[in-house]
Amino acid sequence: MPAPRRLRPAPVQPDQPEAALAALLVGGSSTMQELRSRVRQLARSDATVLVTGPTGAGKENVARALHAMSARAPGPFEAVNCGAIPAHLAESELFGAEAGAYTGAVRARRGRIAAANGGTLLLDEIGELSLELQVKLLRVLECREVEPLGGRAPVPVDVRIIAATNRDLEAMVADGRFRADLYWRLAVVTLEVPPLVHHAEDIPLLVDHFARTRGASLRLTEDGAAALARHGWPGNVRELRNLVERAIAFEEHLLDTETIGRLLGPRRRSVEAWLHGSEPLASARLRRCEPATLPLVAEEELRPLVLKALLAEAEAAIIRQALEASGGTVAQSARMLGLKRTTLVEKMKRMGLAAPAQGRA
């Protein structure tokens, strides 16, 4: 099979790539301006990029922007969630399979890597890929060819690979859960996507953008904007988009404090207030409180509670408390929490937390 022809820059209208970039990475803050600037720069090359950041921050949008701004824009963009593929299908899904390669393979199957030939492949949640498949992916990066399951010869591919993760791959390498050679192949360039709380001034623009893409109009009041800015946004930009979609679904047209309170869910005593209240965390743990006795949520508010969001909020608050108690020393905080230092660092990165300035060791 002849080697695929290298893709040359295609003639595009000057405003098309910039329009795509502005639509994918919305915001006027210095944080977002810097991110767009880095995307423009990286789009000029075929370098492999590792996109990091917390869940919901927009890592896939960054990958799509890199593709849209590049010479590969006319080619395909394939996005694969490595954590969503069943283990027994992962190899054939990514690399393809010949007919008869396994029970039920009645015809040849083209893998997702080959499907991205001439374009860009996003491997989202790359930290979920098994060690066995990491070896095969390493060959793709080194030789630019894939070996279909049951195939007799490798197939050349011309594809730019972008990987994305909300995990600390360096910590996973140290723990033996991710190959070091693959990590360094993926992290030719690392691009970090900030959590929404780091560019909260973009919230009004994002609200307007999400509403317009749904063909709706929402008016955000001054007190409503302040309420959104105060929210912790554990789900980041995705959570904000969901809030806008709820507002549209309930035919809300004015986003003020009261409306936003309803859309965000029932009010509850904040975890921070409980942790720093009259009964410290350590005291509660020593008494071995049963969950029912912890004063987190009023009984009448339990039914609509989103447990995952509460647990994320609680975990982040406890980590912040440990960091404050240790003077910002990560190693000491990890000992206090009964965690490995690498595990704590991974959690802090995922949550967008930083140790206080006085100590980070």
Side-chain angles (χ1 to χ4, degrees), residues 13-43 49 51-70 73 77 79 122 124 164 166 191-265 309 312 351-354:
Q13 297 300 320
D15 61 330
Q16 286 179 346
E18 282 297 324
L21 182 63
L24 288 165
L25 302 178
V26 177
S29 66
S30 59
T31 299
M32 292 306 294
Q33 289 178 30
E34 181 181 352
L35 182 59
R36 286 195 294 268
S37 176
R38 292 203 66 192
V39 166
R40 289 188 193 96
Q41 185 177 17
L42 292 175
V49 179
V51 184
T52 64
T55 298
K59 295 186 291 295
E60 182 172 336
N61 275 12
V62 168
R64 289 184 179 277
L66 283 167
H67 174 73
M69 295 291 291
S70 74
F77 177 88
L122 168 64
D124 199 7
N166 61 1
L191 196 55
E192 185 172 359
V193 184
L196 182 56
V197 292
H198 287 184
H199 58 111
E201 61 266 44
D202 290 324
I203 289 175
L205 286 174
L206 286 163
V207 168
D208 182 64
H209 171 74
F210 292 139
R212 283 189 291 105
T213 56
R214 293 293 301 272
S217 177
L218 291 176
R219 186 166 75 84
L220 182 61
T221 66
E222 186 175 342
D223 66 314
L228 291 178
R230 288 193 300 268
H231 185 60
W233 300 110
N236 293 291
V237 177
R238 185 182 295 137
E239 183 185 357
L240 178 62
R241 184 188 64 200
N242 291 345
L243 180 141
V244 171
E245 292 185 356
R246 281 198 298 275
I248 295 170
F250 287 115
E251 299 183 348
E252 301 282 2
H253 302 288
L254 182 70
L255 292 182
D256 55 14
T257 303
E258 182 181 350
T259 304
I260 288 168
R262 291 198 304 270
L263 293 172
L264 284 174
M351 297 172 181
L353 298 176

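Please read these numbers as outputs of a predicted model, since none were measured by experiment.
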Q: Please give me the minimum heavy-atom distance between Pro194 and Ala57, naming the atom from each residue.
A: O-CB, 3.7 Å
Q: Return the CZ to CH2 distance between Arg238 and Trp233, rounded to the nearest 0.5 Å.
A: 13.5 Å
Q: Between Leu220 and Ile260, is any pair of side-chain heavy atoms under 4.5 Å apart?
A: yes
Q: Taking all non-hydrogen atoms of both residues into account, name the closest pair between Val244 and Ala211 and its distance.
A: CG1-N, 3.8 Å
Q: For the residue pair His231 and Leu264, establish whether any side-chain heavy-atom pair is separated by less than 4.5 Å.
A: yes
Q: Kindly give the heavy-atom pair with the smallest separation between Pro17 and Met69, and that separation in Å.
A: O-SD, 3.1 Å
Q: If we only count heavy atoms from C-beta on, is the Val51 to Val193 side-chain gap below 4.5 Å?
A: yes
Q: Could you walk me through whether Arg246 and Glu252 pass the salt bridge (charged side-chain N to carboxylate O under 4.0 Å, His left out) test, one step at a time?
A: CA-CA 9 Å; Arg246 281 198 298 275; Glu252 301 282 2; over 6 Å; no
Q: Counting only heavy atoms not in Gln33, do more than 12 sit closer than 6.0 Å to its CD atom?
A: yes
Q: Using the rule given for side chain to side chain contact (heavy atoms under 4.5 Å, CB included), can you reason through Leu243 versus Glu239, listing the C-alpha separation, both sets of side-chain angles and the distance that settles it, and then say yes or no?
A: CA-CA 6 Å; Leu243 180 141; Glu239 183 185 357; 6.0 Å; no
Q: How close do Pro195 and Pro54 get, counting heavy atoms only, and between which atoms?
A: CB-CG, 3.8 Å
Q: To the nearest 0.5 Å, what is the distance between CG (Leu206) and CZ (Arg241)?
A: 11.0 Å
Q: Measuring only between side-chain heavy atoms, which start at C-beta, is Ile203 closer than 4.5 Å to Leu196?
A: yes
Q: Given side chain to side chain contact (heavy atoms under 4.5 Å, CB included), test Asp202 with Val237 step by step and report yes or no.
A: CA-CA 10 Å; Asp202 290 324; Val237 177; over 6 Å; no
Q: Nearest 0.5 Å please: distance from the CG atom of Leu205 over to the NE2 atom of His199.
A: 11.0 Å
Q: State, yes or no, whether a side-chain contact exists between Leu228 and Val207 at a heavy-atom distance under 4.5 Å.
A: yes
Q: Rounded to the nearest 0.5 Å, what's the gap from CG on Asn236 to CG on Asn166? Could you check?
A: 10.0 Å
Q: I need the Arg64 CZ to Leu25 CG distance, nearest 0.5 Å.
A: 12.0 Å
Q: Checking Asp223 side chain against Thr257 main chain: does a donor-acceptor pair fall under 3.5 Å?
A: yes
Q: Okay, side chain of Thr213, backbone of His209: is any donor-acceptor separation there less than 3.5 Å?
A: yes
Q: Where the side chain of Asn61 meets the backbone of Leu24, is there a donor-acceptor pair that is under 3.5 Å apart?
A: yes
Q: Quick check: does any side chain N or O of Arg36 sit under 3.5 Å from a backbone N or O of Gly27, one acting as donor and the other as acceptor?
A: yes
Q: What I'd like to find out is whether the side chain of Val62 reaches to under 4.5 Å of the side chain of Val49, using heavy atoms alone.
A: no
Q: Donor-acceptor pair, distance only, cut-off 3.5 Å: does the side chain of Lys59 make one with the backbone of Gly53?
A: yes
Q: Say you draw a straight line from CZ of Phe210 to CD1 of Ile248; how long is it, rounded to the nearest 0.5 Å?
A: 10.5 Å
